[in-house]
Amino acid sequence: MTTEWYFSETFIITLIISALVLISIAVITLIVFFIRDIKSKEVW
Amino acid sequence: MSSMKAILEPEVGWILLGILSVFWIILGIRLGKKAANMEGFMVAGRNVGLAFGVATAMATWVTSNTTMLAPQFALEMGIWGMIAYSTASFGLFLFAPLAQRIKKLMPNGLTSGDFVRMRYGRTSWIVFLVISIFYAFTWLVSMAMAGGILMQAVSGIHYQLGMTVILFVCVTYTIFGGLYAVIGTDFIQSMIILIGVVVVGIGIIIKLDFHVIYNDLRTDQPMLVNALLPASIMAIFNNMLFGIGEVFHSNVWWSRAFAMRKNIGKKAYFLAGIFWFPVPIAAGFIALSANSLGLNITSPDMVGPFVASNLLGYAGSIIVFIVLFCSLASSIDSLLAALSDLITEDIYRKMINPDARDKQLRKASLFIIIGIGVLTWMICMPRIGTLATVLFFAGPMVASTIWPIATGLFWKKATKEGAISGMVLGTISGLICYFVWGWFTASLVGAVVSMAAVLIATKFSRSEFNFENLDEKPIPKKI
């Protein structure tokens, strides 16, 4: 006899929304880093 | 049942392709003007800051494989498939301390080949170059193929024409600007990709009734939401090791480690890993709705763009087109630059013309980039296999380099015998598993066999390497 365990709907939705939120944070962070690098003349 | 056909008209596709092509070429050439000498061309002056450092590491890792294979993984292996693809970010996480170590030990280094040559000697270097060049070509071919496939699927532009234009654009600005052009364009491309993925993701969440999709999955395809699916769990470890192997050995990542300002590499790679981790999940989840939407998926690697275009209509298709073009360009330019650096430095300068100066190297580099572009174009003209088939064949090869690279950077007692046997035995055993059991075991076995070979050789080693020997003189700037 095999036991089957499924991901719940809530888990999947949380996973997807967390991914989208984390990517949005990534965009904001990159912009902040870029502005900071420009101000300190450390872009490259 | 809706079948897979292009959403945009070819005329719209050509206009978008034309605008994007001209924009990236002009931007790449302008940014590339900073490349006054070969060091600028190959490692962007070794002074890249945190914003560009994080963006270039992330944009390069967000390839067309991420936007196409992550949905394919979700379609075929469900939730674990998306998570499995995300584990490729461990390559970036784990490379973070290596990037710091590389910059410290090799302040004048140019390629990953330089390291293997100085650390393990000529034989290991040649084995490494064979693996590294083969892998880079495989990746490049898969990218260029993806370009043609995507252009055709989204806009109806013929495969060969779309693939040719994308290759031409990337070759052109890489020739003029080297790593300066690549890193500069990567920053803007990464922003476009991330914003595009979020916009498409939110649009799809609004359009879909996830409750219905989940119930359909549980009824029709329970395997996709099964939390104990052995093949998918195996794929997690395989993909993670493939990702680690890809990043550890490839000159794409080493050249960025050399290019980043001191003390930036570790932070940049770690943040790039965190920011990259959610991308395959955000890009992949849309494939889960294919069954509920009644879409007839004839080409699994196109499921993501196809579902997004179908759900979001015309505007969505345009966003998908732009995101895909950027994800392709950010990887193809990086591969062209890194591969040409490897051939210019390790083959031309070290094997053919050791006295070559700056101008000769720049000229050689130009011909090598064009040569790589033409060869890739010729291989891609007939459409061969699926993306996964092409890419995962290289998995065991790169996985077998993980231990020689990592131990070589940190352990004095790591030996050339361990490195050679690790790379050769790991590759052979992994390829056997690839053909006998399937791609999802190949990298795993390749990495384990390589680990055993390296650890056994190190255990019995009597030699101790002096890490100061890795600090090689820079290229003479004057002609």
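A, B, ... follow the sequence lines: proteins, then strands. Residue 1 opens every chain. Computed from a prediction, not measured in an experiment: that's the story for all the values here.
- Heavy-atom distances place the side chain of B/Ile205, and not its backbone, under 4.5 Å from chain A.
- Between the side chains of B/Asp216 and B/Asn291, no donor-acceptor pair is found at a separation under 3.5 Å.
- Counting only distance, with no hydrogens or angles, the side chain of B/Tyr269 and the backbone of B/Trp253 share a donor-acceptor pair below 3.5 Å.
- A salt bridge does not link A/Asp37 with B/Arg261: every distance from a Lys NZ or Arg NE/NH1/NH2 to an Asp or Glu carboxylate oxygen is 4.0 Å or more.
- Here B/Pro278 is the residue among B/Gly53, B/Gly78, B/Pro278 with the most heavy-atom pairs under 4.5 Å with chain A.
- In this structure, chain A has no heavy atom under 4.5 Å from any part of B/Pro280.
- Only the side chain of B/Leu271 comes within less than 4.5 Å of a heavy atom in chain A; its backbone stays farther off.
- Looking at A/Phe34 and B/Phe52, their side chains come closer than 4.5 Å, going by heavy atoms from C-beta outward.
- Looking at B/Ser190, only its side chain comes within 4.5 Å of chain A, counting heavy atoms on both sides.
- Ring to ring, B/Phe93 and B/Phe90 are close: their centroids are under 6.0 angstrom apart.
- Among B/Ile79, B/Val48, B/Ile281, the residue with the largest count of heavy-atom pairs under 4.5 Å with chain A is B/Ile79.
- Interface residue A/Ile17: only side-chain heavy atoms are found under 4.5 Å from chain B.
- Contact annotation for A/Thr29: only side-chain heavy atoms (C-beta onward) come within less than 4.5 Å of a heavy atom of chain B.
- With chain A as the partner, the residue from B/Asn47, B/Ile264, B/Leu217, B/Val54 showing the most heavy-atom pairs under 4.5 Å is B/Asn47.
- Between B/Trp61 and B/Trp276, the ring planes lie tilted relative to each other; the angle falls in the 30° to 60° range.
- B/Met58 pairs in a side chain to side chain contact (heavy atoms under 4.5 Å, CB included) with only one of the listed residues (B/Val279, B/Leu194, B/Asp186), which is B/Leu194.
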